[in-house]
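Since the structure is predicted, the reported quantities are computational estimates derived from the model, not experimental observations.
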Amino acid sequence: MVDVTRTGTGVVASGVRRTFGPVEAVRGIDLTARPGEVTALVGPNGAGKTTLLLVLATLLVPDAGQVRVAGWDPVTEPDEVRARMGWSPDVFGLYDNLTAREYLELFGEAYRLGRVRSRARAAELLEQTRLVEHADRPVHTMSRGQKQRLGMARALVHEPEVLLLDEPASGLDPRSRVELRELLREQARLGAAVVVSSHLLGDLEQVADRVVFVDGGATVGEHRIDELPAGTQLRPWRIRALDTDLLLGSLERHAYDVDGVTPAGVDVRLANDEAAAALLTGLVHDGVPVVSMQPVGGALEAAYLQLTEEDR
């Protein structure tokens, strides 16, 4: 068990448990999120991710375990945690009759930034989240994606040391998702400890440094993104060639089972990168004009599917 009392920055949770009546939502989650890194929290629905985030955000008291956020205890020192933590839940309330600018200025003053700094910070964040043209519109006229960006801006008003995000890309268009990834990497570069829970595994793989897998209310794995276990399941690879018939003929001769044929290419399940390299060598030897060959989904998705497959 991690000695959380010796950790003064980032997020450390050890042996966290939380029940709701007879339901044990969290039954032993351990998590470490270091300053300067983005930590992904990944697991199926009902795994305990949101419950853990609510504990970290001072909104739920755990039944057991130790937690520190920016070095402070969310249970006994919630004000100290809130002063250093930014929180963006999946579903959050907004003051609909305020404008976006007024909303951010209000929270700036609530965090005791002062009126001048609150106005300046609101202007910075409206620019950063591409909401300048909506700055003086009432919140209730904004789209879900715009409200999601406003919620992110609110979480950043006081330049927190720790950022907790539950499904932050929900409702965002593709461009906004790219900008969100850039924003999170920038927060990590500035030294924040960022914890993100999301089902968009492709996005997480592109932004996260580390991943914590949870299932059934407990931590089942913790890895650096570049050190994810390969697993034992066959992984789909998509091959695109100038001559699909020639490609299919070569695959049949080499006894590969085709998983699917689509306009995007031909899918084949392979064990690992070495198997993919061997297949590509064989296709080139057969004269197949291969245009591209890549895995369908990333390593994080493959690791997640392996995890959930074992529990089916």
Side-chain angles (χ1 to χ4, degrees), residues 37-44 167-170 172-186 188-189 196 198-213 215 220-312:
E37 291 186 348
V38 177
T39 299
L41 187 59
V42 174
E167 298 292 344
S170 176
L172 296 185
D173 58 60
R175 178 184 178 88
S176 295
R177 284 165 53 190
V178 171
E179 291 171 346
L180 173 64
R181 295 199 298 265
E182 293 172 350
L183 178 62
L184 297 186
R185 287 309 319 168
E186 176 65 9
R189 188 189 68 78
V196 187
S198 176
H199 289 108
L200 299 174
L201 302 187
D203 285 6
L204 284 181
E205 186 166 356
Q206 294 184 56
V207 73
D209 299 284
R210 299 172 61 255
V211 58
V212 175
F213 290 106
D215 193 22
V220 294
E222 192 169 350
H223 309 275
R224 288 196 59 82
I225 288 291
D226 56 2
E227 297 175 352
L228 285 168
T232 59
Q233 299 293 318
L234 296 179
R235 184 178 177 188
W237 285 70
R238 181 160 295 158
I239 310 167
R240 196 160 64 88
L242 295 178
D243 190 327
T244 301
D245 291 336
L246 189 59
L247 169 61
L248 291 171
S250 178
L251 291 171
E252 184 179 354
R253 280 194 302 277
H254 292 287
Y256 285 97
D257 292 326
V258 174
D259 204 41
V261 181
T262 71
V266 176
D267 292 350
V268 177
R269 290 189 173 271
L270 302 170
N272 48 40
D273 290 350
E274 289 74 16
L279 171 55
L280 180 59
T281 299
L283 293 175
V284 172
H285 183 268
D286 287 352
V288 178
V290 177
V291 175
S292 65
M293 181 173 174
Q294 60 187 0
V296 180
L300 180 57
E301 181 177 294
Y304 172 76
L305 292 175
Q306 173 79 16
L307 166 70
T308 55
E309 180 67 24
E310 289 171 352
D311 293 333
R312 290 179 62 180

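Applying the 6.0 Å contact sphere to CG of Asp226 captures more than 12 heavy atoms from other residues, nucleotides or ligands. Heavy-atom neighbours of Glu252 CD from other residues, nucleotides or ligands within 6.0 Å: at or below the threshold of 12.
With rounding to the nearest 0.5 angstrom, the CG atom of Leu280 is 13.0 Å from the NE2 atom of His285. Of the inter-residue distances, the one linking Ser250 atom OG with Asp245 atom CG reads 12.5 Å to the nearest 0.5 angstrom. Atom-to-atom distance recorded for Leu228:CG and Glu205:CD is 7.0 Å, nearest 0.5 angstrom. Rounded to the nearest 0.5 angstrom, Glu182 CD and Leu184 CG are separated by 10.0 Å. Separation of atoms CD (Glu186) and CD (Glu179) is listed at 13.5 Å; rounding is to 0.5 Å. Between the NE2 atom of His223 and the CG atom of Asp209 there is a distance of 15.5 Å, given to the nearest 0.5 Å.
In this structure Gln294 satisfies the side-chain hydrogen bond (donor to acceptor under 3.5 Å, both in side chains) test with no other residue, sequence neighbours excluded.
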**Request:** Output, in order, the C-alpha distance, side-chain angles, deciding distance and verdict of side chain to side chain contact (heavy atoms under 4.5 Å, CB included) for Val211 and Thr39.
**Result:** CA-CA 6 Å; Val211 58; Thr39 299; over 6 Å; no
**Derivation of the side chain to side chain contact (heavy atoms under 4.5 Å, CB included) call for Leu200 and Arg177** = CA-CA 10 Å; Leu200 299 174; Arg177 284 165 53 190; 3.9 Å; yes
**Message:** Could you go through Arg185 and Leu180, starting from their C-alpha distance and side-chain angles, then the distance that decides it, and tell me whether this counts as side chain to side chain contact (heavy atoms under 4.5 Å, CB included)?
**Reply:** CA-CA 9 Å; Arg185 287 309 319 168; Leu180 173 64; over 6 Å; no
**Request:** For side chain to side chain contact (heavy atoms under 4.5 Å, CB included), just list the numbers for Trp237 and Asp273, CA-CA rounded to whole Å, side-chain angles, deciding distance to a tenth of an Å, and then say yes or no.
**Result:** CA-CA 10 Å; Trp237 285 70; Asp273 290 350; 3.5 Å; yes
**Item:** Derivation and outcome, salt bridge (charged side-chain N to carboxylate O under 4.0 Å, His left out), residues Arg224 and Glu37
**Value:** CA-CA 11 Å; Arg224 288 196 59 82; Glu37 291 186 348; 3.5 Å; yes
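Contact check for Arg253 versus Asp286: side-chain heavy atoms found under the 4.5 Å cut-off. Annotation: side chain of Asp173 is in contact with side chain of Ser176 (closest heavy-atom distance under 4.5 Å). The shortest side-chain heavy-atom distance between Ile239 and Leu279 falls under the 4.5 Å cut-off. Residues Tyr304 and Pro44 meet the side-chain proximity criterion, which asks for heavy atoms closer than 4.5 Å. Residues Leu41 and Phe213 have side chains not in contact (no heavy-atom distance under 4.5 Å, counting atoms from C-beta outward). Contact of the Val268 side chain with the Pro236 side chain is not registered, since no non-hydrogen atoms from C-beta on lie closer than 4.5 Å. Here the side chains of Val42 and Val212 are not in contact, with every heavy-atom distance at 4.5 Å or above.
Ionic pairing of Arg269 and Asp257 is not present here: no N-O contact between side-chain nitrogen and carboxylate oxygen is shorter than 4.0 angstrom.
Contact record, Asp203 with Ala169: OD2-CB, 4.5 Å, taken as the closest heavy-atom pair. The nearest pair of heavy atoms linking Val258 to Val261 is CG1-CG2, 3.8 Å. Contact record, Ala276 with Leu270: CA-CD1, 3.6 Å, taken as the closest heavy-atom pair.
Side chain of Thr281 to main chain of Ala277: a donor-acceptor pair is present (N/O by atom type, distance under 3.5 Å, no hydrogens or angles).
The residue from Asp259, Thr262, Asp267 that alone fulfils the side-chain hydrogen bond (donor to acceptor under 3.5 Å, both in side chains) condition with Arg238 is Asp267.
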